[in-house]
Amino acid sequence: MKKLINRPEDAVAEALMGVAAAHADRVRVHIGPNYIVRADAPVRGKVAIVSGGGSGHEPMHGGFVGMGMLDAACPGEVFTSPTPDQMLAASQAVDGGAGVLHIVKNYTGDVMNFEMAAELAQDEGMEVEQVVIDDDVAVKDSLYTAGRRGVGATVLAEKICGAAAELRRPLAEVAGLCRKVNANARSMGVALTSCTVPMAGRPTFALGDDEIELGVGIHGEPGRERRKLASAHDIVEALATAVVDDLPFGPGDKVLAFVNGMGGTPLLELYVVYGELHELLEGRGISITRNLIGSYITSLDMAGCSITLLRLDDELTALWDAPVSTTGLRWGV
Amino acid sequence: MKKLINRPEDAVAEALMGVAAAHADRVRVHIGPNYIVRADAPVRGKVAIVSGGGSGHEPMHGGFVGMGMLDAACPGEVFTSPTPDQMLAASQAVDGGAGVLHIVKNYTGDVMNFEMAAELAQDEGMEVEQVVIDDDVAVKDSLYTAGRRGVGATVLAEKICGAAAELRRPLAEVAGLCRKVNANARSMGVALTSCTVPMAGRPTFALGDDEIELGVGIHGEPGRERRKLASAHDIVEALATAVVDDLPFGPGDKVLAFVNGMGGTPLLELYVVYGELHELLEGRGISITRNLIGSYITSLDMAGCSITLLRLDDELTALWDAPVSTTGLRWGV
Amino acid sequence: MSGIVTQEGVAAWLRAFAEAVAKNREYLTELDAAIGDADHGSNMDRGMQAVVGRIDGPSAGTAGGGVGALLKLVGMTLVSTVGGAAGPLYGTFFLQVGKAAGEATELTLAQWAAALEAGVKGVQMRGKAVLEDKTMVDTLMPAAQALSAAAASGAGLAEALRQAAAAAEQGMKATIPLIARKGRASYLGERSAGHQDPGATSSWLLLQTAAETLAAGAPAEVPGA
Amino acid sequence: MSGIVTQEGVAAWLRAFAEAVAKNREYLTELDAAIGDADHGSNMDRGMQAVVGRIDGPSAGTAGGGVGALLKLVGMTLVSTVGGAAGPLYGTFFLQVGKAAGEATELTLAQWAAALEAGVKGVQMRGKAVLEDKTMVDTLMPAAQALSAAAASGAGLAEALRQAAAAAEQGMKATIPLIARKGRASYLGERSAGHQDPGATSSWLLLQTAAETLAAGAPAEVPGA
Ligand SMILES: Nc1ncnc2c1ncn2[C@@H]1O[C@H](COP(=O)(O)OP(=O)(O)O)[C@@H](O)[C@H]1O
Ligand SMILES: Nc1ncnc2c1ncn2[C@@H]1O[C@H](COP(=O)(O)OP(=O)(O)O)[C@@H](O)[C@H]1O
Ligand SMILES: [Mg+2]
Ligand SMILES: [Mg+2]
Ligand SMILES: [Mg+2]
Ligand SMILES: [Mg+2]
């Protein structure tokens, strides 16, 4: 394992110290329990938005704390859900009196820890709503399993809900928007290589030199299918078709197309992927009216990408365009 | 070789098509000769800033085209300097009547091609100045060799000169600023793994599972020393000490600290590196007043990082803080 | 009376469980690597080390409040140090056992069995798993039921705990052929069959160490009495 | 007169050089992999394919303008298709040879030798390399000097070209022990010694193919004449 870290067990905490040292002007980092809040929190009268999850997906979530996006992020150990006390303390630190929205990715651990946090927060008289994101079409949705995983749509939901909160929309409305984003977004990813968890010290899964994992999860969870290495054209076709057919997206739809790098894939390749995606969607009468290209929800050093499509209407488009000022996503300010 | 591309020989052109499809609102992409210009070029009365170099370093330079930074970027084949006709055509497309500054990284090919471009441009009556960036302390500077390579300082120079040009500073002044940035900046990088050039199909250099290349170049050029894998602490010490001692930076200096990922290294690790750098500089009485952390001048899929320090004064700080609106770097607008 | 659960017995049990988890850390992680994300051993070890640190730490004992308070402290500690799925599940388990145990410093077998049943209900409430979903429920539920049944049949504490541990072992092994329907392993679908569930395995350690420690402070039993 | 350089001869030379580069593409790249960035073969091949496409393409021949115009077209084509260090260097070489050749459609050996010397000066002006910097100059300079010397001594074209090619070969081989002081190989410092310079090697192909083709259209020489 080759990583720019010291002891594996210290990597998350030391990265947080780095964030604290780098961005004291925009965020405050609290250690024990670990959370990151925007420097001006709590913002009076604004719904506070809190998210979190295992570390290893940077810039998500810590890099999305700031004006127009998250009020707080709770980083767990690498690929391990954070604990309720983190979420509770973070929620308390950012509650501006208008309630708190928890945006939760659909993994058993995340869901349960956030649930406990909400119970604790409600016991203390806080108003908390939770929305679970589950946009990964690689996993079959079913009442009898853990259900679809939460991936790329999380980034879009955090941005859009953050914008609505800045406009002082009430908690129920912001939570409703979050559900709307989730309902209109679908994703799928592909791994060219495995990630390596620092504490594990070796690749999470073994992939042949000529193999890819279609439908991989952001923790290296298995996907739909192991395949022979293919061209960008064929890989995009497989991912995009699965995504488009699931919602389904149809002719006349306007979408935000999000091409996400998994951490070890350079931008050059993401633009090749975007070019292919653009062509495929055009062929299906779907027009991309907004896009996001880069490594925003990563899986440590995994090579690969994911494609997320979000069906846009005027409301979502306007909220996407609204100013945001975080270290990971910034415009309009 | 596992990459999200189609045919290796088409990767650069297809990535450019992706950029064109994605960012038509902010840039125009010209194919044959290849260059990217800001959508509102030429800007009347403003010094135009043109840079370029081999592809494979994205977001540099194409991702830095836009308000407050570059007017045009000329992408060559992967790791191969672009040709004079690209630079000439790009310069013509962005010349707003106030002259053109070429920012050139110090590689023999880049320097000669830009020189020829300048001769051609001057033949056509254009006013052109060139500044060569050579900040890589891994290579001994000498009149008798190709000299130090141009690396991280290029990004900083493009941002700072871009801001000065927006303020309608004259060509000589903008070029002077570029030289000032170069004179006050030093860099060094480390590779944990080699990059793989698409056309070559295999890693550029072989590195043992427990080896790193200290002082590596952004094309996988050899560095100062091949070493055993070390902790982030020790690696940062080696890089930062070489950088600090070269200028040298001393107690009381205010610096911009730029921790750059090489393409295959996740953000989590870059923050660990930043934390170590922060501590080391504090111990030497050097204070970081600005920072930039992320993958901005990359080497395809190489794992590793580089550290660039730029000594700041009020002028450079103000220009760094000025608004910039590119796909790679954006704030204030 | 053929044995009571004391506060010291519970503390001894927690120490023994922590030790068993530490010893089986790699094994639990290996089981999790096969159908999960290779962290169950380190998660549980981190949590139980913290638990031991608290119950044996400088501020230990000052709290008072009987078995219930002790177990609530354990639950809170696990909730705030483990994370993932196991943190809320084991945390809820101990919180609910503690709530049912109340302020007493000694519990009869029947009271203890009822407390365990409450703990299992808590796990099911939290995780919504039923029998044969291939989770820790497959170990905990039959074990709690065996304990209650033994109590109802008039068995002594040591014997009842042995029967519970045996039921736990059986439940754990029964997870091997199952297809996971809850937790991370469910993403594997049919590929999860053939592997023993890691959480069911750590739960077996919990019941096994109970049998070894909880009745230790109680008067020796006459077999068949 | 013992041979003249004709426009057809020059075209044949360029085709032969392109063919030699294509054939040695992997070899040149291998040499560059050792002390550079493994692209000299593909760079030169891309450029020379483009050159052949232009001089034999549909619009070829319509340009007119003699040897000078032809070689300037070659130079411009290389400049705009090769990139890297070799693009401007070979481009400048041909541009300067073309400039010196002027509008004539035939050149005497002396004129041709002078043109080559101008080309080498162009390379040096552009790249600032001197002899023994371990670059193409180590091949080109002795070759041009040999050609001039042969011309001055009254040698025939074929013989003069042979002598130039021999000098080129010697210059190329002499790069092996040198420590590079220019170009990408200079980053290697002492580690560049022991490797033959790729640019010096492609330049040898240039001189070698000249000896094979440039005198072909000329009347047969009487050895020693
Ligand atoms: N919904 C659930 N109900 C009961 N137990 C569950 C549930 N989901 C997962 N588990 C248990 O948790 C164990 C995994 O714990 P752990 O590896 O620590 O957490 P994570 O899955 O978050 O990495 C599984 O082996 C299983 O026994
Ligand atoms: N300054 C220079 N002057 C003359 N020749 C040079 C100079 N720098 C490099 N070269 C030649 O160029 C060759 C390398 O060409 P090439 O690999 O195509 O370009 P690059 O080095 O940009 O990849 C070297 O082998 C050397 O002969
Ligand atoms: Mg986990
Ligand atoms: Mg090159
Ligand atoms: Mg696990
Ligand atoms: Mg080369």
Side-chain angles (χ1 to χ4, degrees), chain A residues 2-7 11-12 14-23 55-56 58-59 63 78 190 192-193 209-210 212 229 231-233 235-236 257 263-276 278-279 288 291 293-295 298 300-301 303-305 325 327 330-333, chain B residues 2-7 11-12 14-23 55-56 58-59 63 78 190 192-193 209-210 212 229 231-233 235-236 257 263-276 278-279 288 291 293-295 298 300-301 303-305 325 327 330-333:
Chain A
K2 284 177 151 180
K3 291 186 186 292
L4 290 165
I5 57 173
N6 296 305
R7 298 191 321 157
V12 170
E14 291 184 358
L16 284 175
M17 300 309 298
V19 170
H23 306 306
S55 292
E58 292 68 26
V78 171
V190 63
L192 271 54
T193 67
D209 270 356
D210 61 343
I212 59 174
L229 182 59
S231 66
H233 177 88
I235 289 175
V236 170
T265 283
L267 209 47
L268 182 92
E269 298 177 36
L270 298 183
Y271 276 102
V272 172
V273 166
Y274 184 84
E276 294 288 354
H278 180 88
E279 209 173 295
I288 303 179
N291 62 60
I293 302 162
S295 296
T298 59
L300 292 169
D301 53 347
C305 74
S325 176
T327 57
R330 185 163 176 180
W331 57 75
V333 65
Chain B
K2 285 177 151 179
K3 292 189 186 289
L4 290 165
I5 58 173
N6 296 305
R7 298 191 320 157
V12 169
E14 291 185 0
L16 284 176
M17 301 309 298
V19 170
H23 305 305
S55 292
E58 291 68 26
V78 171
V190 64
L192 270 55
T193 67
D209 271 353
D210 60 344
I212 58 175
L229 182 59
S231 65
H233 177 88
I235 290 174
V236 169
T265 283
L267 208 47
L268 182 93
E269 298 177 36
L270 298 183
Y271 275 102
V272 173
V273 166
Y274 184 83
E276 294 288 353
H278 180 89
E279 209 173 296
I288 304 178
N291 62 61
I293 302 162
S295 296
T298 59
L300 292 168
D301 54 347
C305 74
S325 176
T327 58
R330 184 164 176 180
W331 56 74
V333 65

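The basis for the numbers below is simple: all heavy atoms, side chains too, and nothing from hydrogens, waters or symmetry mates. Below, chains carry the letters A, B, ... as their sequence lines are ordered, and counting in each starts from 1.
Chosen from A/D209, A/V236, A/I288, A/I293, the residue pairing most often with chain B at heavy-atom distances under 4.5 Å is A/D209. When the candidates B/G275, B/A21, B/A11 are compared by the number of heavy-atom contacts under 4.5 Å with chain A, B/A21 comes out ahead. Highest contact tally toward chain B, considering only A/C305, A/G264, A/G294, is held by A/G264 [criterion: heavy-atom pairs under 4.5 Å].
Distance CG/B/L267 to OG1/A/T327: 7.5 Å, rounded to 0.5 Å. The distance from the CD1 atom of A/I212 to the NZ atom of B/K2 is 8.5 Å, given to the nearest 0.5 Å. Taken from CD in B/E269 to CD in A/E14, the straight-line distance is 12.0 Å, to the nearest 0.5 Å. Atoms CG and NZ, from A/L192 and B/K3 in turn, are 9.5 Å apart once rounded to the nearest 0.5 Å.
In A/D210, the CG atom is crowded: over 12 heavy atoms of neighbouring residues, nucleotides or ligands sit closer than 6.0 Å.
Residue contact with chain B, scored on non-hydrogen atoms closer than 4.5 Å, is absent for A/A303. Of the atoms belonging to A/E279, not a single heavy atom falls under 4.5 Å from chain B. A/V19 touches chain B through backbone and side chain together, each having a heavy atom under 4.5 Å away. Proximity to chain B (any heavy atom under 4.5 Å) is shown, for A/L268, by both the backbone and the side chain. Within the 4.5 angstrom heavy-atom criterion, atoms from both the backbone and the side chain of B/H233 approach chain A. Heavy-atom distances place both the backbone and the side chain of B/N6 under 4.5 Å from chain A.
For the pair B/D301 (side chain) and A/T265 (backbone), a donor-acceptor distance under 3.5 Å is absent.
Using a 4.5 Å heavy-atom threshold, the side chains of A/S231 and B/I5 count as separate. A 4.5 Å side-chain heavy-atom check between B/V272 and A/L4 finds every atom pair outside the cut-off.
Every residue meeting the ring pair (Phe, Tyr, Trp, His ring centres under 6.0 Å) condition with B/Y271, not counting sequence neighbours, appears here in chain and number order: A/H23. A/S295 meets the side chain to side chain contact (heavy atoms under 4.5 Å, CB included) test with A/L270, A/T298; sequence neighbours excluded.
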